[in-house]
Amino acid sequence: MSVTEQPPPHPGPQGDGHAHDGAAADAAVAQLRDRISADSLTTRRDYLRIVATVSGGLAIGGVGVAAGILHRHGDSEHLPEPKKITDQLAPGQSVAFRFPGEDDRALAVRLGDGSLVGYSAVCTHLACGVLWREDRGADGELYCPCHEGVFDARTGEVTAGPPPRPLPRIFLTEQADGSVWAVATARSGESAKEALCRQFSETRPDEAARLGCPGAGRAGAPERRPT
Ligand code: FES
C-alpha cells in the first residue's frame, strides 16, 4: 500500500479516481501522521490501533499491480512497521528506499504541487529499476530505462512502453517536522481497505471486524445465549 494519499498541504499518493476513496484515505493517513512520532518509532500496537480507528469507508484505490516477478510489494500478510525514509523531501525531489523489506526497492517523490507519492521502484515489465524524471511531463515521470517504460507520477499507471501493470503503491505519511514515513503497501488492484483486511484477517480479527472487513467477526463471534 500507495498506500499513498496525503491530506493538504501535502496530499499523498493518489487513488484510482474515486474521490470518496481518496478522501477516506486522506483521513486514514492523517491519523497515522498525527500519531507516528518523529522522535520515536510508533509501536506496532499503536499503529494497528490507529488504523483500526479509521473505519467505514476507508479505501485507497488505484493500488498498482506488481508484475509477479520475484518478490512483490504487498505480498506480506502482516502490516509492516512504519519506516522513516527521509528527514525532508522538497518539491521535485525523490528518495530511494527499501520497504517493507530490505529487498524491496521503492521510491518516494514530492511532486511540484507538494503531493507525496510512493511506489515500488521495480518495473512491472522485467524488474529493472524505475527512476524519477522531474524534467519529463507536467508532473514529471517515473521512467524505466530498460525498454522506455513510463509510469504516471500521480497514479503509477502505465503511460508508455511495455510494462503490463501499474507500479504497486506504497503509502506514505509526513510528520510535522517534515520527515517522511512509509507505512503500508498493497497488492495489485487492492484498495487500502482490502489490503488492511487481508493483513488483519488472520492476525487481528478484532481489527478486521472494526474495519468492517468482509467475513470479519463471524468465526470468532461470541455465541449469544438464550435468556
Ligand atoms: Fe522496465 Fe522493460 S523492464 S520497461
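We count ligands from 1, going down the list as the structure has it; atoms in each ligand are counted the same way.
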Distance check below 2.8 Å: does Cys128 bring an N, O or S atom to atom 2 (Fe) of ligand 1?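 No, Cys128 does not qualify, because none of its backbone or side-chain N, O or S atoms lies under 2.8 Å.
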N/O/S from Cys123 sitting under 2.8 Å away from atom 2 (Fe) of ligand 1: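 So Cys123 does not bind atom 2 (Fe) of ligand 1 by this criterion.
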When you measure from the SG of Cys123 to the SG of Cys128, is the result less than 2.5 Å?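 Cystine link not detected, SG atoms outside the 2.5 Å cut.
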Between the main-chain N or O of Thr155 and the side-chain N or O of Tyr119, is there a donor-acceptor pair closer than 3.5 Å?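 It does hold such a pair.
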Between the side chains of Asp113 and Arg154, is the shortest nitrogen-to-carboxylate-oxygen separation below 4.0 Å, so that they form an ion pair?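 Looking at Asp113 together with Arg154, the answer is yes, because their closest N to O distance falls below 4.0 Å.
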Output yes when Glu207 and Arg198 qualify as a salt bridge under the 4.0 Å nitrogen-oxygen rule, no when they do not.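 A salt bridge is absent here (no side-chain N lies under 4.0 Å from a carboxylate O).
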If the cut-off is 2.8 Å, does any N/O/S atom of Cys144 fall short of it from atom 1 (Fe) of ligand 1?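 An N, O or S atom of Cys144 is closer than 2.8 Å to atom 1 (Fe) of ligand 1, so yes.
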For ligand 1, is there an atom lying under 4.0 Å from some heavy atom of Pro162?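 Yes, Pro162 has a heavy atom closer than 4.0 Å to ligand 1.
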Hey, which N, O or S atom on His125 ends up closest to atom 2 (Fe) of ligand 1?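 It is ND1, the N, O or S atom of His125 closest to atom 2 (Fe) of ligand 1.
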Determine which of the N, O or S atoms in His147 is closest to atom 2 (Fe) of ligand 1 and give its atom name.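 Looking at His147, the N, O or S atom with the least distance to atom 2 (Fe) of ligand 1 is ND1.
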Can you list the atoms of ligand 1 that are under 4.0 Å from a heavy atom of Gly149?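 Reading through ligand 1 atom by atom, the close ones are 4 (S).
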Check each atom of ligand 1 against the heavy atoms of Leu126 and keep those under 4.0 Å away; list them by number with element.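 Under 4.0 Å from Leu126, ligand 1 has these atoms: 3 (S).
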Please round to the nearest 0.5 Å and tell me the distance separating atom CZ of Phe99 and atom CH2 of Trp181.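 These two atoms lie 11.0 Å from each other.
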Rounded at 0.5 Å granularity, tell me how far OG in Ser94 sits from CG in Leu89.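 Ser94 atom OG to Leu89 atom CG measures 7.5 Å (nearest 0.5 Å).
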